[in-house]
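Along the sequence shown, residues are numbered consecutively beginning with 1. Bear in mind that the values here come from a model prediction, so they are computed numbers and not experimental data.
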Amino acid sequence: MKILFSIIFSLAIVTVGCSDSKKSTRQLKLEAAQKLPPIQTNTLNGLERAYVASGCFWCVEAIYDSVKGVKEVISGYAGGHTDNPTYEQSNTGQTGHAEAVEILYDPKVVSFESLIDVYFGSQNPTQVNGQGPDRGSQYRSILFYQNQQQKDIILKKKKALAKKIGSKIAAEVLPFQKFWIAEAYHQDYEKNHPYNRYIQGVSIPRLNRFKSKFPQLLKTNKTTH
């Protein structure tokens with residue numbers, strides 16, 4: 001569904017992004033991140049990393065980027081079995097991956113617990129294999145843990161939410177293995193394509209619903225669309 005929205009309204013924009021031979025600062029940063037050594041810990045220069053999947057990564061990236069204490073959010077793929085997946089491969093649902101984000105955050109400002117609250121508070125927690133109009137295993141909800149403490153926090157919050165709403169929570173809980181960074185044109189997509197039909201019709205409303213629920217977690221320099 002996301003592809004239908006985007007192709008209709010912004011094919012020209014995406015094509016330019018894919019074919020641009022000049023590397024942006026963002027692209028260079030992504031390439032550098034890809035070369036980082038395998039994660040032995042989730043700590044990087046005093047910051048920590050978290051990984052979640054919750055439907056379209058354009059939407060999820062924008063949501064977490066609005067949270068104070070979050071320094072960077074990168075869109076990519078995780079949870080599957082295919083090495084170096086592409087966007088086109090992911091959309092077939094055959095890679096096993098879901099669209100996911102890597103969140104680099106300052107634990108002195110925002111806790112892992114709060115990031116999980118953001119996760120459940122910015123989605124339909126009961127929707128299986130998708131969020132909103134985006135349907136398929138590539139859009140399924142997954143919470144990835146990197147240690148036992150994170151796993152315990154996730155399971156506790158998932159159980160509490162299920163009890164509160166009286167329904168099963170769809171999000172899978174999986175050990176983190178590998179995060180594959182998505183193509184450069186997906187990064188900061190909502191910010192760079194504010195007039196894209198999908199962004200206007202799905203992503204921005206989802207972001208604003210989150211903002212209305214968690215005003216205390218927002219960066220002060222972020223404005224509502």
Quiz item: Is Q177 atom CD crowded by more than 12 heavy atoms from other residues, nucleotides or ligands, each under 6.0 Å away?
Solution: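 Open: at most 12 neighbouring heavy atoms sit under 6.0 Å from CD of Q177.
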Self-check item: More than 12 heavy atoms from other groups under 6.0 Å of CD on Q148
Solution: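 Yes, enclosed.
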Would you confirm whether [X], through its side chain, and [Y], through its main-chain N or O, come within 3.5 Å as a donor-acceptor pair?
X: Y64; Y: I74; answer: no
X: Q127; Y: G132; answer: yes
X: H97; Y: T82; answer: yes
X: Q187; Y: A182; answer: yes
X: Q146; Y: R49; answer: yes
X: E99; Y: Q138; answer: no
X: K213; Y: G121; answer: yes
X: Q200; Y: P194; answer: yes
X: D188; Y: K191; answer: no
X: K219; Y: V70; answer: yes

When rounded to the nearest 0.5 angstrom, what distance separates [atom1] in [X] from [atom2] in [Y]?
X: Y77; Y: F57; atom1: OH; atom2: CZ; answer: 4.0 Å
X: Q131; Y: C56; atom1: CD; atom2: SG; answer: 10.5 Å
X: L143; Y: I153; atom1: CG; atom2: CD1; answer: 11.5 Å
X: L161; Y: K159; atom1: CG; atom2: NZ; answer: 13.5 Å
X: E72; Y: I103; atom1: CD; atom2: CD1; answer: 11.5 Å
X: L155; Y: I169; atom1: CG; atom2: CD1; answer: 12.5 Å

Exercise. Go through I63 and F214 one step at a time and tell me if the side-chain contact (heavy atoms from CB on, under 4.5 Å) criterion holds.
Key: CA-CA 11 Å; I63 288 167; F214 294 91; over 6 Å; no
Practice problem: Please test N147 against Q150 for side-chain contact (heavy atoms from CB on, under 4.5 Å), starting from the C-alpha separation and ending with a verdict. | Solution: CA-CA 6 Å; N147 52 52; Q150 288 186 351; 3.3 Å; yes
Quiz item: Hey, mind stepping through C59 and Y198 against side-chain contact (heavy atoms from CB on, under 4.5 Å) and telling me if it holds?
Solution: CA-CA 10 Å; C59 301; Y198 177 89; 3.6 Å; yes
Closest heavy-atom pair and its distance - [X], [Y]:
X: S54; Y: V60; result: O-CG2, 3.3 Å
X: A171; Y: F120; result: CB-CE2, 4.3 Å
X: S137; Y: G93; result: OG-O, 3.5 Å
X: Y145; Y: I154; result: CB-CD1, 4.0 Å
X: P125; Y: I165; result: CG-CD1, 4.3 Å
X: A62; Y: L207; result: O-CD1, 3.7 Å

Exercise. Please check if V128 and Y139 belong to a single hydrophobic cluster, counting links between Ile, Leu, Val, Met, Phe, Trp and Tyr side chain heavy atoms closer than 4.5 Å.
Key: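 No, separate clusters.
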Quiz prompt | Common cluster, I116/V109, ILVMFWY with side-chain heavy-atom separation under 4.5 Å | solution =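 Unlinked, I116 and V109 end up in two clusters.
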Exercise. Determine, using ring centers only, whether F112 and Y105 are less than 6.0 Å apart.
Key: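 Distance test on ring centres: not under 6.0 Å, no.
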Quiz item: Aromatic rings F176 and F144: how do their planes relate, parallel, tilted or perpendicular, breaks at 30° and 60°?
Solution: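 Rings of F176 and F144: perpendicular, over 60°.
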Quiz item: Parallel, tilted or perpendicular for Y189 and H193, by the 30°/60° rule?
Solution: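 It falls in the parallel class, under 30°.
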Quiz item: Got K71 and D106 here, is their nearest side-chain heavy-atom distance under 4.5 Å?
Solution: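 Result yes, sub-4.5 Å side-chain heavy-atom pair found.
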Quiz item: Are side-chain heavy atoms of E61 and E190 found at a separation under 4.5 Å?
Solution: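 Contact flag for E61/E190 side chains = no.
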Quiz item: Side chains of Q89 and T95: donor-acceptor distance under 3.5 Å anywhere?
Solution: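 No, T95 and Q89 have no side-chain donor paired with an acceptor closer than 3.5 Å.
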Exercise. Show the numbers, then the answer: is there a side-chain contact (heavy atoms from CB on, under 4.5 Å) between E183 and T86?
Key: CA-CA 7 Å; E183 296 84 346; T86 65; 3.6 Å; yes
